[in-house]
Amino acid sequence: MRQFHLSSDDLATRADNEEAALILQGLNPAQQEAVQATDGPVMIIAGPGSGKTRTLTHRIAYLLATGKARAYQILALTFTNKAAREMKERVHKLVEGDAAKGMWMGTFHATFARLLRRDGEHIGFTSDFSIYDTDDTERLLRSLMERYNVDKKQFSPRSIRGLISSAKNQMVSPEAYTKIAATQAQEKAALLYRPYQQALRRANALDFDDLLLKPIELFEKEPEILNKYQQRWSYIHIDEYQDTNHAQYILAKQLAARHKNICVVGDDAQSIYAFRGADIGNILSFQRDYPGATVVRLEQNYRSTKKILRLADSIIKNNKDQLEKELWTENRDGDHVVLMEALSEKDEAQKAERMIRDLRARGGYSYRDFAVLYRTNAQSRSLEEALRRGGIPYRVIGGVSFYQRKEIKDALAYLRLLVNPNDVASLRRVINYPTRGIGLKTQETIFEYARREGIGPWQAIEQVEQMGLPRRAQNAVVSFRFLIAKHASKAASHGADEVARGLIQETGILQELRKENTPEGLMRWENVQELINAIAEFTTNAGEEGTLSAFLQEVSLLTDADAETDDPNRVTLMTLHASKGLEFPAVFIAGLEEGLFPLAMATQDPKELEEERRLFYVGATRAQEYLYLAHARSRYRYGEQMACIPSRFLDEIDPDVVRTEAGTSYQTRSDRFQASSGDTFSYDRVDPHYYRKSLRSSPKKRRNTAPKRSAPAPGERRVVYDEGAAEIVPGIRVEHPIFGEGKVISMEGRGEQTKAVVFFGGDIGQKKLMLRFAKLRRID
DNA sequence: AATAACTTTCTTTTT
DNA sequence: GAAAGTTATT
């Protein structure tokens, strides 16, 4: 028996009250069913544009309106902070008064950081722990690699970090990982895994993975605490369930074990975060994990035109293994999806710019109605340039967000050090910035001393007089110590923003930036001021919980996508990943080329290729009315111009809903060559001569000579490589005496300089080879 | 110890 | 073509 906090009388009068009826209004029958299925586990399988999040929002409002749950009993986990904020706002609109106050709604990471702030001490974390992002953890690993003599050239800190992270994601302990480590890189990761964890602990710091793992550990160690939260959250909601990883899955399971009122929403076809440990199996096995679960399918799409939906369907049906869904829409047929071929990335960007201008004039759209999507952040540059030239206002999501900027990270590091003196990563970051005469040598002495004495680096700094440093160096350290200590003691009695302002003022960061005397320097200066404002705002708004350390923790979990722009009427530029959950009347997807989308690395592994395809599916289904797909014949990558061939995904789409720019129908290659049949590797057999014919040759500018000139105007002849001698062309498979079999991604240079970029399987990856030296043999 | 000049490597996607 | 790592110079 479940207990409600209301008497049965209350329930009787409220069950079918006006408010609840209103909440159900405007939902389709399937959505209503999902909203009303409030007892026991529920899984909502939903396609794009079917009102997933809306359904979840209404369900929460319904729980409140019918009195089944009080706000504090509801936990809702979303994928981004922004999604949580929007959901909260909508719930507040749907229910009257303060009924929705006190709900816990946020990302997994933010939610469990908050939980650890309250109860982390049970597993040895004080509430002022630092949260280390990718940058901080990489820095930490870098110094560990030095100490353990791991060659940084051979194994990049980034790849080691990735391996450790995925081990943590799957909840594999250091000991267990040592046993299963197979490759050389994995062995190195196994070696560093434990020291890495110890370093984090010593620094009273948690990385993103720890934010999920530590609560699990806490719940296992202290059943009382688990019990408290199980009791409290009688209704649990998880959005984007297909993108949860193993740790998140366990957390949900732990918390839902008591009431089993867990409601998850997801679309397996939109799972695009496997690289981060997301386990698509979580959603596929929900019914097994929660027997008797109600399963609701939301298959009606309210977002896109019939043609766009049909295109999306033709993309996704190339993947195997999916939950069955039949998407349909009552929306109009709509215009054809337009396929654009550009000569270069500049040309492509111009086409996007022209499309936006035309459609705005012709269809009366505003700038905010457009999105330009791409696979990698690096692609934004050319697009930005074209939009800027065309006078079109835009915003770029991702890339460097406010809190990722160097000047902000520097200022934050000072503040983190204030709150948590054990935070080595922050200490290292600011100990000599701005330069104050504490060079590498001195730093080494300090850290070495700390290690020898078995004390924290900050304690070592407190004993700096014992180290026998040169007088100059010692004085520098002493004054740095004084700076931090002075403001730390102030923190006890003054407001967070006042302390922050004082410290930043005295660090000399601001003077450093002003000294630059450049517009960029000025902007950075303003950013730091902006940060201080943000702290002031946070402390006044968050009340009791508005401490400096809470601010610092929340800030490390913010992404650029969460930010609100002052002027929202802009074209949005972002990666396909960042576009998840959003919709726009017109969408332009750029860079549909082999090696870029799908990325070269993904083409070897069918699983990864399927994820790329899902990513294409996600991108295409962001569009409401107009969808443009573009590919360029050549593109600058790795700082060099390379010839590109159209993406295999373009061969897979339904040609009936696509037109070229000229309005003619689009012929996929799949009917020109044997290919097709859904076999992922059939593409490799495509006739290479087709590409040869599509490439034109002209002299390529020599590397490292002549200063950069702007690229030739569109229409001018484009460079590629000397095809005369080339047996080897993009798209074919080759064999290398050492590396084995691989696939040619692109070609560059000419004559003696001709090079091929070849992707080999296994640990080898992508290689650039001079044809003159490398004995490449074509495999047909 | 700090800076300037040069060389190499590398780019998925992100909470 | 940027960022990080290396070497040379002050």
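Throughout, a chain's letter reflects where its sequence line sits, starting with A, and its residues are numbered from 1. Source: prediction; values computed, not measured.
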For the pair Arg161(A) and Asp207(A), evaluate salt bridge (Lys or Arg N to Asp or Glu O under 4.0 Å) and give the outcome as yes or no after the intermediate values. CA-CA 11 Å; Arg161(A) 193 197 62 82; Asp207(A) 65 11; over 6 Å; no
Which one is paired to dT11(B), where only Watson-Crick or G-U wobble pairs with both distances under 3.5 angstrom count?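 WC or wobble partner does not exist here.
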Using Watson-Crick or G-U wobble geometry with both distances under 3.5 Å, which nucleotide pairs with dA5(B)?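 Pairing partner: dT6(C).
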Examine Arg428(A) relative to Phe447(A) and say whether NZ or CZ is less than 6.0 Å from the centre of the six-membered ring and inside a 45° cone about the ring axis. yes
For the residue pair Lys214(A) and Phe129(A), would you count it as a cation-pi contact if the rule is NZ or CZ under 6.0 angstrom from the ring centre and within 45 degrees of the ring axis?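 No, cation not above the ring by the 6.0 Å, 45° rule.
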Nearest-angstrom distance from the residue atom [atom1] of [X] to [atom2] of [N]:
X	N	atom1	atom2	result
Ile431(A)	dA2(B)	CD1	P	11 Å
Glu640(A)	dT11(B)	CD	C1'	15 Å
Arg276(A)	dT12(B)	CZ	C1'	13 Å
Asn475(A)	dA1(B)	CG	P	14 Å
Glu610(A)	dT12(B)	CD	P	21 Å
Met574(A)	dT13(B)	CE	C1'	14 Å
Leu615(A)	dT14(B)	CG	P	10 Å
Lys406(A)	dA4(C)	NZ	P	11 Å

For DNA chain B, whose closest nucleotide is more 5', that of Arg436(A) or that of Leu212(A)? Arg436(A)
Select from Arg158(A) and Gln248(A) the residue whose nearest nucleotide in DNA chain B is closer to the 5' end of that strand. Arg158(A)
For [N], take OP1 and OP2 only and decide whether either is under 4.0 Å from a side-chain N or O of [X].
X	N	answer
Thr134(A)	dT14(B)	no
Arg142(A)	dA4(C)	no
Asn377(A)	dT14(B)	yes
Asn169(A)	dT15(B)	no

Less than 6.0 Å separating the ring centroids of Tyr273(A) and His577(A)?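 Between Tyr273(A) and His577(A), the centre distance is under 6.0 Å.
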